[in-house]
Structure formats: structure tokens, C-alpha cells
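These numbers were taken from a predicted model, which means no experiment stands behind them.
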Amino acid sequence: MPTSSASTTDSAKSNGGGVQSLERAFDLLERMADAGGEVGLSELSASSGLPLPTIHRLMRTLVACGYVRQQPNRRYALGPRLIRLGESASRLLGTWARPYLARLVEETGETANMALLDGDEIVYVAQVPSKHSMRMFTEVGRRVLPHSTGVGKALLANTPDEEVRALLARTGMPAATEKTITTPEGFLAALEDVRRQGYAIDDNEQEVGVRCLAVSVPDSPTSAAISISGPAGRVTEAATERIVPVLQQVAVELSEALASTGG
């Protein structure tokens, strides 16, 4: 008896109603990203539990589509077509965040920002400016090194020390101001402060006269942080006590909104 189209369709689906091959392909891409962007088939098989023939078939498809490339050493690396997808997703992430940043501005009076960790750099993907005549501006798309920013500290706070040291070795730690942290030991101590306090501070470290308070967005689909920045004369210790709970609450609400969007 011929196989019906309904049964063929069902066999291609996972128990949750999704297409199993798509779920597996995206799982492999995420595992590649977690491994630093380049892996061998045996590593993918060990981490995913999938048989080698299945992985090889999926990788051939991803290579043909440009989302993965095969290196001369026969290992597989994330492909250039993912860059366009990532850039578009980053722009959308900034768009979704804007209402939450606007709320931060309303409740704190200071400029609100959202930033992502992109490779070894921090990239700003959204900003809502303060209504004060004296206010901070950060161009959307601007890239900075993590060691001199509040968002950089917030994003790296839960990264293992050896990975942080490796990142700092690659980027260097140039001083933007006299208060910039320029040693790995100093930066790791600052990350310990972030973990203890629940928020990060840039105290005149990126720009003289500017203070920034930042928190990570929990369970974000990509490493993200939100922050407020303003003149040091307004973002005082007293203001910090008032602003940080607002930052933390907005970060949780943004996280929930991103999760529901993804669902």
C-alpha cells in the first residue's frame, strides 16, 4: 500500500510538532557556537548524541546553504551567511528592547542603552536618550572593548576566569581614562564585585565625567546587558541605590518578553 502524505509528514516531525531535521540542524549550529565556532564531526556526535551519518548529512546541507563551511583540516566552522542573520537579529533585538529602555529613561532620568557581546567586543544595539539637556550619547552600532565599560563587566561577570584572561590577552587593555582598569587582576576583581553586588559600574573609566550602571539580561538568547549612563554629578552613590533595582526589574521583564517572543 502506498505511504500516505500524512504519515510521511508525521515521520519528519518531532514529538513537539516541529520538524526534527530543522531542530537537529539548529542544535548543531548552537553546539558549534558554544565550542568556539569550529568542531569535528566526532565532537558533535559526542556532545549531541546523534549518530555520525545523521550529523554528516545535516552538515552537508548546512555547507551547501553557506551556514557552515568545511575547513582544510576537515573540521567544520560556522559560515559567513550566519553573519547577515545575526546582524538582522541584533537590530530586531534592539527594536524589541526600546520600550524597556524608554521606561528606564522615564524612571531614572538618564540615557538607557542595550549592548551585546559580539566576539571579543561590546556592540551597542539600542539607545533611548535622556531628556536632560546634559546627557550621554552612544552611537548605535558602536563597538568598544569590554574592560572599560559597565556593560562589558556585566556581560563577562559569569565567564570563567581563564576565558576572561584569554579575551583580555587578545584585545589588550588600553586606558581610555586615568581610571580605566588596565590589568587582568584588576578586571577579575571588578567582576567579583559585579557578582557580589548584582550590577556593574563604569566610574569614569570609559569617559571622564560619566558614570554607568549595568546589569545583564538573564536568560537572553544571546549575551545582552542594559545600562543607564549619565554625568557623574547625577549618577551618584545615592542615585545608584535608587536606579539599580529599576535596572534589575526591567532586565527581568525584558528577558520574559524575549522568551515569549521566541516561543
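Taking 4.0 Å as the cut-off between side-chain N and carboxylate O, R211 and E237 count as a salt-bridged pair. A salt bridge does not link D27 to R24: none of the charged nitrogens lies less than 4.0 Å from a carboxylate oxygen. At a threshold of 4.0 Å, the pair E121-R170 does not count as salt-bridged, since none of the basic side-chain nitrogens sits closer than that to a carboxylate oxygen. Using a cutoff of 4.0 Å between basic side-chain nitrogens and carboxylate oxygens, E38 and R75 are scored as salt-bridged. A salt bridge is defined here as a Lys NZ or Arg NE, NH1 or NH2 lying under 4.0 Å from an Asp or Glu carboxylate O, and D202 with K153 fails to meet this definition.
The closest side-chain heavy-atom distance from E110 to P231 is below 4.5 Å. Side-chain contact check for V151 versus Y124: some heavy-atom pair is nearer than 4.5 Å. Using a 4.5 Å heavy-atom threshold, the side chains of L28 and Y76 count as separate. You'll find the side chain of L188 reaches within 4.5 Å of the side chain of R165, heavy atoms only. Under the 4.5 Å side-chain criterion, counting only non-hydrogen atoms from C-beta, V246 is not in contact with Q248. In this structure the side chain of L104 never reaches within 4.5 angstrom of the side chain of V128, judged on heavy atoms. Considering only heavy atoms from C-beta on, Y67 stays 4.5 Å or farther from L78 through its side chain. Between C212 and I201 there is no side-chain heavy-atom pair separated by less than 4.5 Å.
Here the CG atom belonging to L247 is positioned 7.0 Å from the OG1 atom belonging to T108, to the nearest 0.5 angstrom. Taking CG of D161 as the reference point, atom CG of L191 lies at 7.5 Å (rounded to 0.5 Å). Here the CD1-OG1 distance, from I228 to T111, works out to 8.5 Å after rounding to the nearest 0.5 Å. Rounded to the nearest 0.5 angstrom, E163 CD and N158 CG are separated by 11.5 Å. Distance check: Y199 OH to S216 OG gives 14.5 Å after rounding to the nearest 0.5 Å. Distance check: K179 NZ to N204 CG gives 5.0 Å after rounding to the nearest 0.5 Å.
When all heavy atoms are compared, the tightest approach of L156 to P146 is CD1-CB, 3.7 Å. Shown here for A232 and T236, the closest heavy-atom pair between the two residues is O-CG2, 3.8 Å. Nearest approach of S229 to V210, heavy atoms of both residues: CB-CG1, 4.4 Å.
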* To do: Start with the C-alpha distance between F187 and T182, add both sets of side-chain angles, then the distance that settles side chain to side chain contact (heavy atoms under 4.5 Å, CB included), and finish with yes or no.
  => CA-CA 8 Å; F187 190 68; T182 56; over 6 Å; no
* To do: Kindly indicate, with the supporting measurements, whether the criterion side chain to side chain contact (heavy atoms under 4.5 Å, CB included) is fulfilled by M173 and I181.
  => CA-CA 8 Å; M173 301 183 72; I181 299 170; 4.2 Å; yes
* Go through the steps for T149 and Q206 under the test side-chain hydrogen bond (donor to acceptor under 3.5 Å, both in side chains), then give the verdict. => CA-CA 6 Å; T149 64; Q206 178 66 31; 6.0 Å; no
* **Verdict with reasoning, N113 to I226, per side chain to side chain contact (heavy atoms under 4.5 Å, CB included)** => CA-CA 6 Å; N113 314 282; I226 58 174; over 6 Å; no
* Test side chain to side chain contact (heavy atoms under 4.5 Å, CB included) on L116 and I122 and set out the steps. => CA-CA 6 Å; L116 308 179; I122 301 298; over 6 Å; no
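Applying the 6.0 Å contact sphere to CG of D219 captures no more than 12 heavy atoms from other residues, nucleotides or ligands. In this structure, D203 places its CG atom where more than 12 heavy-atom neighbours from other residues, nucleotides or ligands lie under 6.0 Å away. The number of heavy atoms from other shown groups lying within 6.0 Å of CZ (R196) is above 12. Applying the 6.0 Å contact sphere to CD of E178 captures no more than 12 heavy atoms from other residues, nucleotides or ligands.
At distances below 3.5 Å, at least one donor-acceptor pair connects side-chain atoms of T180 with backbone N or O atoms of A176. A donor-acceptor pair under 3.5 Å is formed between the side chain of S48 and the backbone N or O of L50. At least one donor-acceptor pair under 3.5 Å links the side chain of S255 to the backbone N or O of P218. S130 contributes a side-chain N or O that, together with a main-chain N or O of G109, makes up a donor-acceptor pair within less than 3.5 Å.
A continuous path of hydrophobic side-chain contacts links V217 to V125 [ILVMFWY only; heavy atoms under 4.5 Å]. When hydrophobic clusters are built by joining Ile, Leu, Val, Met, Phe, Trp and Tyr residues whose side-chain heavy atoms come closer than 4.5 Å, directly or via intermediates, L213 is not grouped with V252. If you chain together hydrophobic residues whose side chains sit under 4.5 Å apart, V123 and L258 fall into the same group. Under a hydrophobic clustering in which Ile, Leu, Val, Met, Phe, Trp and Tyr are joined whenever their side-chain heavy atoms come within less than 4.5 Å, directly or via other members, V144 and L167 fall into the same cluster. The hydrophobic cluster containing V105 also contains L101, counting ILVMFWY residues as joined when their side-chain heavy atoms lie under 4.5 angstrom apart, directly or transitively.
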Validation: residues 51-62 side-chain donor-acceptor distances under 3.5 Å, sequence neighbours left out:
residue, atom, partner, partner atom, Å
H56, ND1, R60, NH1, 3.0
T61, OG1, R57, O, 3.3

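R103 is linked by a side-chain hydrogen bond (donor to acceptor under 3.5 Å, both in side chains) to E107, E253, counting only residues two or more places apart in sequence or in another chain.
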